[in-house]
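Below you'll find the structure, written out as C-alpha cells, and then a few comments.
Every chain is numbered from 1, with letters handed out A, B, ... down the list of sequences. The figures here come from the full heavy-atom set of this structure, side chains too, leaving out hydrogens, waters and symmetry mates.
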2 protein chains.
Amino acid sequence: MNIEDLKSRVKSGGYKITPQRKAILTVLLEHRGCFISVEKICEETRKIHPEINITTVYRNLDIFENLHIVHKIFIDEGVSRYDIISVDAHHHHIICKGCGKTEVIEFCPLGDLVGLAEEKKFTLTGHKIELYGFCDKCKKKNDGAGK
Amino acid sequence: MNIEDLKSRVKSGGYKITPQRKAILTVLLEHRGCFISVEKICEETRKIHPEINITTVYRNLDIFENLHIVHKIFIDEGVSRYDIISVDAHHHHIICKGCGKTEVIEFCPLGDLVGLAEEKKFTLTGHKIELYGFCDKCKKKNDGAGK
DNA sequence: TTTGGTGCAAAGCGTTTGCACCCGC
DNA sequence: GCGGGTGCAAACGCTTTGCACCAAA
C-alpha cells in the first residue's frame, strides 16, 4: 500500500484530494504499525504542511475511519489513537505500552470462547484481543533506568 | 461478597465510612456484573443518598479502584465504566453492547499468543480479551424492533 | 464556478481541582 | 477536635461545531 493507493481510495469515496489530506496520509504511512495519538499525527503533519489545524486532522481521521483506511482505538483514558489498516483479515494486536508500537497477530484463539459465549446465551458481534507489554527497544530503555 | 465486607475493606484501606460511600457501594453491588457509567452510578446513588455530587462519585470510584474493589474500562470514547470485582482469578469478559451486562469467562486461551509475542520480542505485561455482543434480553428486544 | 474543505474561535462534555465547610472517628 | 470527605464552581483537556473564507475539480 502506498500514497497513491490511499489517494485513490479517498477520491473514490467522494472526497477531494487536498494538500492537508495528502500530508496526513503520508504521516500515517510513515507510522504504519503504531497507534499514534491525534496530537502526534498533527505535529508530524506540520512538518509537511505547517499550517494545518488540529480540527482538520480530527475531521480527516474521521473520514479515513469511515473509509476503512485507519483503525481507531482507546488504550488510554481520553485519547484516541489511530493506525493505518495494513491487514485486511481478521486479526489482533500486541501493543507496546512504551511507544505504541504495534505488531499484528494474524492468529485468533477464539474458538473455545465462542462456545462459552453461546452457553451464556450471548450473540457475539465482535471481539477484541489486545496484549500489552514492552517492545524490545522500550524494554532496554526501562531496564537501563532501573524501572 | 456483601456490603459489610466492602465497608471493612474500605476501612482497612484507611478511609472513613461515609453515607455517600455506603450508598455507592450498595449501587455497585446491585449492579454487579454490569459495567455501568459514572453518570448512571451517580443517578442510582441519588435514589439512596439524594444529595450526592458527581465529583464525590468520581473521587470514590477512584479510591475503590485503588483498593481493587472495582474494575474500570473504556468501551466507548470518553466514558469510563466500572464494575465491582467479583472474581479474583485472572479472567476475561463478554460485554453486552445493549445494556452493558457482563459475564465472566474464567478460561483464558492465551497460551499460543504468548509464544507469538515472544517471537516478536515483546515482553508482555498484561492483556485484555473482550467479546462484544448482545445478551439474550437485548437480542430479543432488537429482533422485535427489526434492527 | 461550485461545493466541499479549511482555519479559527467558541462550545461541549466528561473529568479533575481548589476551596470552604462538614462530619466520622 | 482533628483531619479526611463532601459539595460547589471553576478549570481542564480532548473533541466537535459554527461560520466565513478558500481552493480542488
Give me, pair by pair, the N or O atoms of the protein and of nucleotides 11-14 of chain C that are less than 3.5 Å apart, along with how far apart they are.
from, atom 1, to, atom 2, distance (Å)
C:dG14, O3', B:G78, O, 2.9

**Request:** Please state how far atom NZ in B:K22 lies from atom C1' in D:dT6, giving the value in whole angstrom units.
**Result:** 15 Å
**Request:** Quick one: which residue pairs count as a salt bridge (Lys or Arg N to Asp or Glu O under 4.0 Å) with a foot in residues 62-74 of chain B, not counting sequence neighbours?
**Result:** A:E77-B:K72
**Prompt:** Which residues pass the side chain to side chain donor-acceptor pair (under 3.5 Å) test with A:T55, sequence neighbours left out?
**Reply:** A:N53
**Prompt:** Considering all heavy atoms of both residues, which atom of A:I41 and which atom of A:L28 are nearest to each other, and what is their separation?
**Reply:** CD1-CD2, 4.1 Å
**Prompt:** With A:N66, which residues qualify under side chain to side chain donor-acceptor pair (under 3.5 Å), at least two apart?
**Reply:** none
**Asked** Using a cut-off of 4.0 Å on non-hydrogen atoms, how would the nucleic acid contact of A:I54 be classed: base, sugar-phosphate, or nothing?
**Response** nothing
**Fill in**
Those residues at least two apart in sequence (or on a different chain) that pass salt bridge (Lys or Arg N to Asp or Glu O under 4.0 Å) with B:E51 are none
**Request:** Taking side chain to side chain contact (heavy atoms under 4.5 Å, CB included) as the test, write out the residues that go with B:R46, two or more places apart.
**Result:** B:C42, B:I52
**Complete:** Atom CD1 of A:I52 and atom C1' of D:dC22 are separated, to the nearest Å, by 15 Å
**Fill in**
Applying side chain to side chain donor-acceptor pair (under 3.5 Å) to B:D5 and not counting sequence neighbours gives none
**Fill in**
Sequence neighbours excluded, the answer for side chain to side chain donor-acceptor pair (under 3.5 Å) partners of B:E44 is B:K47
**Request:** Flag the pair A:I36 / A:D83 as yes when at least one side-chain heavy-atom distance between them is below 4.5 Å, and no otherwise.
**Result:** no
Just distance, no hydrogens or angles: give the donor-acceptor pairs under 3.5 Å from side chains in residues 17-25 of chain A, sequence neighbours left out.
from, atom 1, to, atom 2, distance (Å)
A:T18, OG1, A:R21, N, 3.1
A:R21, NE, A:N60, OD1, 2.6
A:R21, NH1, A:K16, O, 2.8
A:R21, NH2, A:N60, OD1, 3.3

**Message:** Under 4.0 Å, counting only non-hydrogen atoms across every strand here, what does B:T18 touch: a base, just sugar-phosphate, or nothing?
**Reply:** sugar-phosphate
**Non-neighbouring partners of A:T26 that pass side chain to side chain contact (heavy atoms under 4.5 Å, CB included), sequence neighbours left out** = A:I3, A:E30, A:I48
**Prompt:** Do the side-chain N or O atoms of B:N53 get closer than 4.0 angstrom to the phosphate oxygens (OP1, OP2) of D:dC8?
**Reply:** yes
**Fill in**
Assign each of B:T56 and A:P19 the nucleotide of DNA chain D bearing its closest heavy atom; nearer the 5' end lies the nucleotide of B:T56
**Prompt:** Of the residues in residues 41-51 of chain A, which ones touch DNA chain D at a heavy-atom distance under 4.0 Å?
**Reply:** none
**Message:** Looking at C:dG24, I'd like to know if its phosphate oxygens (OP1 or OP2) sit under 4.0 Å from a side-chain N or O belonging to B:Q20.
**Reply:** no
Would you list the protein and nucleotides 2-4 of chain C atom pairs, both N or O, that sit under 3.5 Å from each other?
from, atom 1, to, atom 2, distance (Å)
C:dT3, O2, A:K16, NZ, 3.2

